[in-house]
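Quick note on labels: first sequence line is chain A, next is B, and so on, each numbered from 1. All values below come from the heavy atoms of this structure, side chains included, with hydrogens, waters and symmetry mates left out.
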Number of protein chains: 4
Amino acid sequence: MSPRTEQQFQEIRENKREQILEAALKCFSTNGYYKASIAEIAKEAGISKGLIYNYFESKDVILKELVWGVYEEFFKRFEFPKDLVMTEECFVSYINISIDIVADDPNRFKLYFALFTQPHIMDLFKADLMQKMEPFILMFLNYYTEKGYENPMAMMRFVSAAIDGVQMHIMLDKENFPVEDVRKILLKMFV
Amino acid sequence: MSPRTEQQFQEIRENKREQILEAALKCFSTNGYYKASIAEIAKEAGISKGLIYNYFESKDVILKELVWGVYEEFFKRFEFPKDLVMTEECFVSYINISIDIVADDPNRFKLYFALFTQPHIMDLFKADLMQKMEPFILMFLNYYTEKGYENPMAMMRFVSAAIDGVQMHIMLDKENFPVEDVRKILLKMFV
Amino acid sequence: MSPRTEQQFQEIRENKREQILEAALKCFSTNGYYKASIAEIAKEAGISKGLIYNYFESKDVILKELVWGVYEEFFKRFEFPKDLVMTEECFVSYINISIDIVADDPNRFKLYFALFTQPHIMDLFKADLMQKMEPFILMFLNYYTEKGYENPMAMMRFVSAAIDGVQMHIMLDKENFPVEDVRKILLKMFV
Amino acid sequence: MSPRTEQQFQEIRENKREQILEAALKCFSTNGYYKASIAEIAKEAGISKGLIYNYFESKDVILKELVWGVYEEFFKRFEFPKDLVMTEECFVSYINISIDIVADDPNRFKLYFALFTQPHIMDLFKADLMQKMEPFILMFLNYYTEKGYENPMAMMRFVSAAIDGVQMHIMLDKENFPVEDVRKILLKMFV
DNA sequence: TATGAATGAGATTTCATTCAT
DNA sequence: GATGAATGAAATCTCATTCAT
């Protein structure tokens, strides 16, 4: 019989990759990164341990990919304003996306949060993260400066913190958290 | 030399306990709970591995104690209002303590946060945590109800989230975070 | 296109075999037998892992073939004297071939040497090797007996060892080893 | 009960170290470095796998220690001549020690030889080895220069090679190799 | 013939915990 | 109370080999 075509292999790989990432997400969410073992992920994905290493070179890398997914999702949804000047419309969009991205997939977001408490994992991202966040910081700073706030830097830091806090609460207790009502409060207070 | 009294023994034990907890805090903060080993903690504390088990029955328990410390510190500082009715003064105090407790010891607080991303550790606390937090929830709910807020529940959740967010940012970047300015904003906005 | 003839198929197979052996030789030489993986060899040969097993039944067998190549090369070059009586001319030829065979392809020779330190690999050859070497041993023994040496057996063992030593040094450091000068010394001393 | 004294621990460690090294030597000799597993070494030593890592940080390190043993043994036995000028007496001693060191412990010597065929292992030593050998090279070179040899460099290389070859043969077949007779030949021919 | 995904056994290594002293 | 050697279970990762296509 003839071997599979290049494209068939591509498809298999693509699918299996997703399958593994999904399984890993589930395991990491259930047990945390360290307690979740490769064996468990393999079982969850219905494949052998060895195969995972055909797709990802280490456990760290799997985590990395999952976390990057959060960023990518954000940047896919968020449209940067022209000239990097933040408009009200853009701010609204920022808040909405920040909320939606967590509400849509709290588990994946949990991984993102794990970064901040686990130095070993944090190290994997720190540099990239800083760089990505810089433009936002500047835009918010300008926004509150223009609005005539007394202390725009503090306001910016506070708003960032508050949004992160909301994200965290949604992540921890999506069922009971009044997402829509809080969204309204956020928009009213900060924009 | 005369044999030590019972009380002297107690003191020695208590000091050694503190010594171990301090070492553990340092190691957990530096490397994260899982990467920090008992051997490392023992070395940091200047004692043998075995002795640690004379004071704590497991690594988990050490973490537990450290995290409980955060609560205890909070409840030591916070004076509950009479009748559990939150006054403005009391609210101010709540916010101030919430901020100070992090700013005074960000590393210890990091452990507290780690809870929320590591299910295994979370399980150690969940029940107790819920119970402790309930009175606050009710007080804040009443507070905003009395103030005539349209949606006091949402407001309460938002405020909690925002405070947590601020705590997180202080924890991550105490050096640069404008703690005092943000404290003012918090008080102005929420009380 | 006309279908390939049986002979053409044979040729293709033979070429592919050589291609694999060459790749394996390169990998084994670079990384050693155990560190070199089938995947690596396949990549080096520009084929798939699976195909290797179409030509060789195991990694061990590839090594075997490579090592046998060293013997075969030797026996292809060396012409046994009539009656298995060693003449001076024949001795000279033996020494020359022994040197040339290493100098021409030190890497392949390295595999041959590896045998002697890796019992697992040694086992693959021991019996055959002994048998092949016997006639030489007898010829050298006679040679030195006839020359009137006091202890021909010891002399024979010494000469074998010295030649092996020279081979080893050429193998390890062909660039700097004064092959031709040492060849002269060998011939002068032993023949 | 009181804990063991520092010295008691020292003793335990020293003994266990030797025990492990001995077991490792046996396993490496029997099966070769790669086929010999830590599990096997532990079993041979009558201890748990884990304990080995209490004494040696990796399998590589165990090998390293064993091989260093060969050098150390040599340098312990060999007394460098004054001014690094080789005398006949010193040369005799060099040859004798070279032979004895193998004959006394062929298995350990096998490890030393393994270096030359396994790049991964070779890398662990190359630099150190080169440095250690340099003085000998110079001394031999001078020796044959002074004796008026036509090509002292080639002679030196040849002698080194021959001695190595003899060592190899002793290592492979100590039972049948006429060590004493060959020793005599070596001394007569080279000194 | 040819491909590379998939397996599974086994390797090294780590480390919380126990225990004899 | 104190020590650190010792254990043993489990984790990550590797890789020769098989097999569906």
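- In this structure, CD1 of I62(A) is placed 11 Å from C1' of dT12(F), rounded to the nearest angstrom.
- Closest of all the heavy-atom pairs between I20(B) and A45(B) is CA-CB, 4.4 Å.
- Residue pairs that meet the ring-ring contact (aromatic ring centres under 6.0 Å, His included) test with at least one member in residues 39-63 of chain A, sequence neighbours left out, do not exist here.
- Contacts with DNA chain F (heavy atom under 4.0 Å) in residues 29-39 of chain B: none are found.
- Rounded to whole angstrom, the span from the CD atom of E40(D) across to the C1' atom of dT12(E) amounts to 14 Å.
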Under the rule of Watson-Crick or G-U wobble with both distances under 3.5 Å, where | means paired to another strand and [ ] a crossing pair, DNA chain E maps to .||||||||||||||||||||
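- For the side-chain contact (heavy atoms from CB on, under 4.5 Å) test, residues two or more places apart in sequence or in another chain that qualify with E18(D) are L21(D).
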N/O contacts under 3.5 Å, protein versus nucleotides 5-9 of chain E?
from	atom 1	to	atom 2	distance (Å)
dA5(E)	OP2	R13(A)	NH1	2.6
dA6(E)	OP1	K16(A)	NZ	3.0
dA6(E)	OP2	Y55(A)	OH	2.6
dA6(E)	N6	K49(C)	NZ	3.2
dT7(E)	OP2	S48(A)	N	2.9
dT7(E)	OP2	S48(A)	OG	3.1

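- In terms of the salt bridge (charged side-chain N to carboxylate O under 4.0 Å, His left out) criterion, D128(A) has no residue partners (sequence neighbours excluded).
- Each ring-ring contact (aromatic ring centres under 6.0 Å, His included) pair with one or both residues in residues 28-51 of chain B, not counting sequence neighbours, appears once here: Y34(A)-Y34(B), F28(B)-Y33(B).
- A straight line from CD of E57(A) to P of dC13(F) spans 10 Å, rounded to a whole angstrom.
- Applying the side-chain contact (heavy atoms from CB on, under 4.5 Å) test to Q7(D) and every residue at least two apart in sequence or in another chain returns T5(D), E11(D).
- F56(C) has its CZ atom 16 Å from the C1' atom of dA16(F), to the nearest Å.
- Rounded to an integer number of Å, the gap from Q8(D) CD to dA20(E) C1' is 11 Å.
- For residues 40-60 of chain D, every residue pair satisfying the salt bridge (Lys or Arg N to Asp or Glu O under 4.0 Å) rule, not counting sequence neighbours, is listed here: K26(D)-E44(D).
- Proximity of Y53(B) to the phosphate of dT17(E): a side-chain N or O atom is located under 4.0 Å from OP1 or OP2.
- With salt bridges taken as basic N to acidic carboxylate O contacts below 4.0 Å, one links R17(C) and E65(C).
- To the nearest angstrom, P of dT1(E) lies 14 Å from CG of N15(C).
- With sequence neighbours excluded, the residues satisfying ring-ring contact (aromatic ring centres under 6.0 Å, His included) with Y71(A) are W68(A), Y112(A).
- In this structure, the CG atom of D60(D) is 13 Å from the C1' atom of dT13(E), given to the nearest Å.
- Evaluation of the side-chain hydrogen bond (donor to acceptor under 3.5 Å, both in side chains) rule for R4(A) yields no partner, not counting sequence neighbours.
- Scanning for side-chain hydrogen bond (donor to acceptor under 3.5 Å, both in side chains) contacts around R13(B) gives an empty result, with sequence neighbours left out.
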